[in-house]
Amino acid sequence: MYDAFVTALAVFVGVAFHELFGLGMFSRPIVVAPLTGLLMGDVQTGLLVGASLEAIFMGVVIIGISGSAEPALAAGLATAFSIKMGGNTHAILPLVFPIAVVGLQLLNMIFSFVCGPWASKFFKYAEQADEKKITRLHFGMWFVHFGLYALIPFFAVLLGAGAVKTILNSIPHVIMNGLTVAGNLLPAVGMAMLMQMLWDNKIAIWFFFGAILMAYLKLPLIAIAALGTVIAIAIAQRDFQLKKMSNKTILATDNDSTTDSGLNSEEEDFFK
């Protein structure tokens, strides 16, 4: 019961506070998974699951009710099930994306069919200029919307943790190894989705530069990020100097043009 409650609480904090603070990114796996792990007493597994899922869902952004997956539900359930299975994160990862896709559809259904009918009340209270009722209704619908959504991970952990563990234990080792390989590949898919949005031929060389540093020089990601920061600052300083030189050249050209026009007008006045 406790594990189900804290998983539901972590998912609720993720999705509800994400909206409450204007897309505050509380629903990201790197937030929800460590929070679930902390409440369940295994922060290390929460951090591992959060980092792995963040790489998968890094390119997933929900705008309004438009999106492809809801990562908070997947992060909470993946962390809870991984801890229940003794820290086996690789077998859980291939299952989280379908959970996230279904979770987004359920979140939208709750919003449309439970919160939607109350929309007319907002217009009624606005016509009456009753700010207190608008505020109470707003936060009431906020709590109902995400509270109902949090019941999904609650019952999933309460009723499904043992079943999931039994099913996974009965899976042959060949299939389990395949799930582990697929779980290791999913972060690469997430990075590929992000790179597709960021790709630009003008800066493509730096992607290959980072890949070479990691593949052949075995540099850690933090070292590559620090090196990239130094290179970015150096390029910014060079561009700033080039801009200053260009402005000086333009200013000098304008001064020469002004001087020449002044001399020409003086000559014209003299010969007149």
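We use all heavy atoms of the structure for the numbers below, so side chains are in, but hydrogens, waters and symmetry mates are not.
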Spell out, yes or no, whether [X] and [Y] are grouped together once hydrophobic residues are joined by side-chain heavy atoms under 4.5 Å, including indirect joins.
X	Y	answer
Ile224	Tyr216	no
Phe123	Ile134	no
Phe209	Val230	no
Phe26	Leu47	no
Phe17	Val6	yes

[X] atom [atom1], neighbour heavy-atom count above 12 within 6.0 Å:
X	atom1	value
Phe207	CZ	yes
Glu131	CD	no
Leu217	CG	yes
Phe5	CZ	no

Heavy atoms only: give me the nearest [X]-[Y] pair and the separation to one decimal.
X	Y	answer
Phe12	Ala150	CB-CB, 3.9 Å
Phe208	Ala204	CD1-O, 3.2 Å
Leu137	Lys121	CD2-CB, 3.5 Å
Phe122	Trp118	CD1-O, 3.6 Å
Pro71	Ser27	CG-O, 3.7 Å
Ala10	Thr36	CB-OG1, 3.1 Å

Practice item. Evaluate the criterion ring-ring contact (aromatic ring centres under 6.0 Å, His included) for residue pair Tyr149 and Trp142; output intermediate values, then yes/no. Key: CA-CA 11 Å; Tyr149 185 67; Trp142 169 81; over 10 Å; no
Distance in Å, [X] [atom1] paired with [Y] [atom2], rounded so as to fall on 0.5 Å steps:
X	Y	atom1	atom2	answer
Ile83	Leu48	CD1	CG	10.5 Å
Phe146	His18	CZ	NE2	8.5 Å
Lys244	Asp239	NZ	CG	13.5 Å
Thr79	Leu38	OG1	CG	11.5 Å

Exercise for review: Measure from the side-chain N and O atoms of Ser246 to the backbone N and O of Leu242, and report whether any donor-acceptor pair falls under 3.5 Å.
Suggested key: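 Judged by distance alone, no pair lies under 3.5 Å.
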Any side-chain heavy-atom pair from [X] and [Y] closer than 4.5 angstrom?
X	Y	result
Gln237	Phe240	no
Val49	Pro29	no
Leu35	Val13	yes

Exercise for review: Could you please spell out the steps behind the side-chain contact (heavy atoms from CB on, under 4.5 Å) verdict for Met40 and Thr7?
Suggested key: CA-CA 8 Å; Met40 294 183 66; Thr7 302; 4.0 Å; yes
**Study point:** side-chain contact (heavy atoms from CB on, under 4.5 Å) between Trp206 and Ile231, worked out
**Key:** CA-CA 10 Å; Trp206 297 110; Ile231 294 174; 3.5 Å; yes
Exercise for review: Any chance you could lay out the side-chain contact (heavy atoms from CB on, under 4.5 Å) test for Ile110 and His145, step after step, and finish with the verdict?
Suggested key: CA-CA 6 Å; Ile110 296 172; His145 182 197; 3.6 Å; yes
